[in-house]
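Below: the structure, in structure tokens.
Positions are given from 1 along the sequence.
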Amino acid sequence: MKSKVNILFVCGYGVGSSAMSEIVVNKALKEINLPAEVKHTSVGELSSQLEWADIIAASKMFASGIDLSRTKDKYLIEVVNIMNGKEIAGKVLTVVKEHFPELVK
């Protein structure tokens, strides 16, 4: 049984939008009491982080190139506005409720 969900934000270089998303989403996840660990990486480093991640979050541009068909229990969410932590946290919560319901309090 999982004690937290691992969320990986992906962007082009792993230092810009994904880092900003990590910060705003961490805050929003704490507000809804969802146990999570959040990290960010570049699209080029995604494969080395994939085993760790439960949920991968990326912009539409990057999400369209991410293929999770060969993975088990990995979920992709598209990020529209990287600064809208509440919206992204809502998408994370939807995935968690469906696939990791034991984490919802």
Side-chain angles (χ1 to χ4, degrees):
M1 180 145 94
K2 294 187 75 59
S3 62
K4 64 181 170 51
V5 65
N6 294 327
I7 306 162
L8 185 63
F9 283 88
V10 179
C11 73
Y13 294 104
V15 294
S17 59
S18 63
M20 292 186 338
S21 292
E22 177 183 348
I23 293 166
V24 297
V25 171
N26 250 332
K27 181 180 177 187
L29 291 172
K30 286 179 182 166
E31 288 175 5
I32 62 172
N33 233 7
L34 187 65
E37 184 172 350
V38 182
K39 294 182 181 180
H40 64 275
T41 193
S42 68
V43 72
E45 296 291 320
L46 174 59
S47 62
S48 68
Q49 301 280 334
L50 198 53
E51 189 172 319
W52 173 84
D54 298 309
I55 298 173
I56 294 91
S59 69
K60 185 174 186 168
M61 180 177 76
F62 291 116
S64 65
I66 297 173
D67 180 12
L68 298 178
S69 64
R70 295 184 192 153
T71 63
K72 185 177 182 226
D73 300 326
K74 308 289 178 193
Y75 306 95
L76 180 65
I77 60 172
E78 279 188 17
V79 175
V80 176
N81 179 349
I82 64 169
M83 297 307 291
N84 191 337
K86 291 184 185 217
E87 180 182 347
I88 299 167
K91 290 181 178 186
V92 168
L93 184 58
T94 298
V95 172
V96 169
K97 283 180 177 179
E98 183 175 344
H99 301 285
F100 309 103
E102 69 274 11
L103 298 177
V104 181
K105 298 175 183 175

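Between atom CD1 of residue Ile23 and atom CD1 of residue Ile82 there is a gap of 10.5 Å, rounded to the nearest 0.5 Å. Remark: Ile66 CD1 to Leu50 CG distance equals 9.0 Å, nearest 0.5 Å. The structure places CG of Asn81 at 6.5 Å from CD of Glu87, a figure rounded to the nearest 0.5 Å. Interatomic distance, Leu34 CG to Lys97 NZ, rounded to the nearest 0.5 Å: 10.0 Å. Separation of atoms CD (Gln49) and CG (Asn6) is listed at 10.5 Å; rounding is to 0.5 Å. Separation of atoms CD (Glu31) and CG (Asn33) is listed at 10.5 Å; rounding is to 0.5 Å.
When each of Val96, Leu8, Leu76 is paired with Ile55, the side chain to side chain contact (heavy atoms under 4.5 Å, CB included) condition holds for Val96 and for no other.
Heavy atoms of other residues, nucleotides or ligands lying less than 6.0 angstrom from NZ of Lys27 number 12 at most. Atom CD of Glu102 is surrounded by more than 12 heavy atoms from other residues, nucleotides or ligands within 6.0 Å.
Considering every non-hydrogen atom in both Leu103 and Pro35, the closest pair reads O-CD, 3.6 Å. The minimum heavy-atom distance between Lys74 and Glu51, with the atom names listed, is NZ-O, 2.9 Å. Between Ser42 and Val10 the shortest heavy-atom distance is C-CG1, 4.0 Å. When all heavy atoms are compared, the tightest approach of Ile77 to Lys91 is CD1-CB, 4.1 Å.
Salt-bridge check for Glu37 with Lys4: passed, with a basic side-chain N closer than 4.0 Å to an acidic carboxylate O.
Between Val92 and Leu29 there is a side-chain heavy-atom pair separated by less than 4.5 Å. Taking the side chain as every heavy atom from C-beta outward, Phe9 and Thr41 never approach each other to under 4.5 Å. Inter-residue side-chain proximity for Ile56 and Leu68 is flagged as met; some heavy-atom pair is nearer than 4.5 Å.
Using a 30° and 60° split on the angle between ring planes, Tyr75 and Phe100 fall in the perpendicular class, above 60°.
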